[in-house]
Amino acid sequence: MELLYKTVRKEGEALQIIEKSRFKALVRPVGSREEAEAFISEIKGANRDATHNVPAMVIGDKAQIQWASDDGEPQGTSGAPMVQMMVKEGLTNLAVVVTRHFGGIKLGTGGLVRAYTGTARKAIEAAGICGVCLVELMRIRIDYTFLSKIQNMASGSLTEEEGDFVIRGTEYGEKVTLEIGTFPEKSERVKALLASVTAGTCQVLEETTSVEKI
């Protein structure tokens, strides 16, 4: 499995009360700067009463886009440290906004960095970190005679440890059409395996590649 990059699996959030200030982080997987900016605007619009809405984003398979704002906090104490934390963790294609309602006690430079990065990190953990890689999809046609054997050979999920392929879909007609998912480096082995199991009668109808979270 060739890992392209790491990102968050879904949206996540976290809340911390630090020295009476309320820090709430929201993170979302995004595919472009425009998508990230729309997410940031959405969160800011929903939290107009907040003291600060600090945004940060890292985008691109090589983390080409790195951007943040301190939104009124002392320079370098909030947005930039969040970007640095995400880059250090090897994460990309995500945006986070940490909303602060000031509680009356100043935290100092170090305290602000810890509060913002710590809350963002908790939201990322809640969202779940996953890998993104290339997946080979094959549509094959087989006789019903071989269906149960191929189903028994398939893995429950597509991971490097579990097995060679998964069955993504099944269509029943005069013959059975299956959608098979595997990693590109395993595709030739899977085709050879299917040919062996079906005595050379398995037909490969279509092959495509997609980018998926694993």
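For the single chain, residues carry numbers from 1 onward in sequence order.
Val27 places a side-chain heavy atom less than 4.5 Å from the side chain of Leu94. No side-chain heavy atom of Leu194 sits less than 4.5 Å from a side-chain heavy atom of Val204. Between Glu136 and Phe165 there is no side-chain heavy-atom pair separated by less than 4.5 Å. Side-chain contact between Ile140 and Leu205 is absent, with no heavy atoms from C-beta onward closer than 4.5 Å. A 4.5 Å side-chain heavy-atom check between Leu4 and Leu134 finds at least one atom pair inside the cut-off. Counting only heavy atoms from C-beta outward, the side chains of Asp61 and Val132 never approach each other to under 4.5 Å. Here the side chains of Met153 and Val197 are in contact, with some heavy-atom distance below 4.5 Å. The shortest side-chain heavy-atom distance between Phe39 and Leu26 falls under the 4.5 Å cut-off.
Separation of atoms CZ (Arg22) and CZ (Phe102) is listed at 16.0 Å; rounding is to 0.5 Å. Rounding to the nearest 0.5 Å places SG of Cys202 at 10.0 Å from CG of Leu193. One finds the OG atom of Ser21 at 10.5 Å from the NE2 atom of His101 (value rounded to the nearest 0.5 Å). Atom CZ of Phe146 is separated from atom NZ of Lys175 by 9.0 Å, given to the nearest 0.5 angstrom. Taken to the nearest 0.5 Å, the CZ atom of Arg100 stands 9.0 Å off from the CD1 atom of Ile18. The distance from atom CG of Leu178 to atom OH of Tyr172, rounded to the nearest 0.5 Å, is 8.0 Å.
Shown here for Ala14 and Ala123, the closest heavy-atom pair between the two residues is CB-N, 3.5 Å. Listed here is the closest heavy atom pair of Ile59 and Ala36: CD1-CB, 3.8 Å. Here the shortest heavy-atom pairing between Ala120 and Val96 reads CB-CG2, 4.2 Å. Of all heavy-atom pairs between Ala63 and Val58, the closest is CB-CG1, 3.6 Å. Here the closest heavy-atom approach between residue Val30 and residue Ala95 is recorded as CG2-N, 4.1 Å. Taking each heavy atom of Thr182 and Ser187 in turn, the nearest pair found is CG2-CA, 4.0 Å.
Salt bridge present: Glu171 and Arg139 bring a charged side-chain N and a carboxylate O closer than 4.0 Å.
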Please assess Lys149 against Ile142 for the test side-chain contact (heavy atoms from CB on, under 4.5 Å), listing each intermediate value before the final yes or no.
CA-CA 11 Å; Lys149 185 174 286 189; Ile142 59 170; over 6 Å; no
So Val8 and Cys130, side-chain contact (heavy atoms from CB on, under 4.5 Å) or not? Walk me through it.
CA-CA 6 Å; Val8 287; Cys130 65; over 6 Å; no
Take Ile214 and Val135 through the test side-chain contact (heavy atoms from CB on, under 4.5 Å) and record every step on the way to the result.
CA-CA 9 Å; Ile214 301 295; Val135 172; 4.3 Å; yes
Kindly indicate, with the supporting measurements, whether the criterion side-chain contact (heavy atoms from CB on, under 4.5 Å) is fulfilled by Thr170 and Val176.
CA-CA 7 Å; Thr170 307; Val176 186; 3.7 Å; yes
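Leu147 and Val190 fall within the same hydrophobic cluster, where Ile, Leu, Val, Met, Phe, Trp and Tyr residues are linked whenever their side-chain heavy atoms come under 4.5 Å apart, directly or through other members. Hydrophobic clustering, with ILVMFWY side chains joined whenever heavy atoms are under 4.5 angstrom apart, groups Phe183 together with Leu137. Note: the hydrophobic cluster containing Val54 does not contain Ile43 (ILVMFWY, side chain heavy atoms under 4.5 Å, direct or indirect links). Linking ILVMFWY side-chain heavy atoms closer than 4.5 Å, directly or via other members, places Val97 and Met57 in a single hydrophobic cluster. A continuous path of hydrophobic side-chain contacts links Met138 to Ile167 [ILVMFWY only; heavy atoms under 4.5 Å].
In this structure, Ser41 contributes its side chain and Ala38 its backbone to no donor-acceptor pair below 3.5 Å. Looking only at distances, a side-chain donor or acceptor of Lys213 sits under 3.5 Å from a matching main-chain atom of Arg9. Within the 3.5 Å criterion, the main-chain N or O of Ala192 finds no donor-acceptor partner in the side chain of Ser196. A distance-only check finds a donor-acceptor pair linking the side chain of Ser69 to the backbone of Asp71 [under 3.5 Å]. The backbone N or O of Thr99 sits nowhere less than 3.5 Å from a side-chain atom of Asn53 that would complete a donor-acceptor pair.
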Quiz: residues 107-119 side-chain donor-acceptor pairs under 3.5 angstrom, not counting sequence neighbours:
{"residue": "Tyr116", "atom": "OH", "partner": "Glu73", "partner atom": "OE2", "Å": "2.6"}
{"residue": "Thr117", "atom": "OG1", "partner": "Val113", "partner atom": "O", "Å": "2.7"}
{"residue": "Thr119", "atom": "OG1", "partner": "Gln16", "partner atom": "NE2", "Å": "2.8"}
{"residue": "Thr119", "atom": "OG1", "partner": "Ala115", "partner atom": "O", "Å": "2.6"}

Expected list for residues 85-93: side-chain donor-acceptor pairs under 3.5 angstrom, two or more places apart:
{"residue": "Glu89", "atom": "OE2", "partner": "Arg121", "partner atom": "NH1", "Å": "3.2"}
{"residue": "Thr92", "atom": "OG1", "partner": "Gly60", "partner atom": "N", "Å": "3.3"}
{"residue": "Thr92", "atom": "OG1", "partner": "Gly60", "partner atom": "O", "Å": "2.6"}
{"residue": "Asn93", "atom": "OD1", "partner": "Gly60", "partner atom": "N", "Å": "2.8"}
{"residue": "Asn93", "atom": "ND2", "partner": "Tyr5", "partner atom": "OH", "Å": "3.1"}

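In terms of the side chain to side chain donor-acceptor pair (under 3.5 Å) criterion, residue partners of Glu207 (sequence neighbours excluded) are, by chain and number, Lys191.
Heavy atoms from other residues, nucleotides or ligands lying under 6.0 Å from CD of Glu174 number 12 at most. Atom CD of Gln75 sits in a sparse spot, with 12 or fewer heavy atoms from other residues, nucleotides or ligands closer than 6.0 Å.
Residue Arg28 is tested with Glu11, Glu35, Glu13 for a side chain to side chain donor-acceptor pair (under 3.5 Å); the sole match is Glu11.
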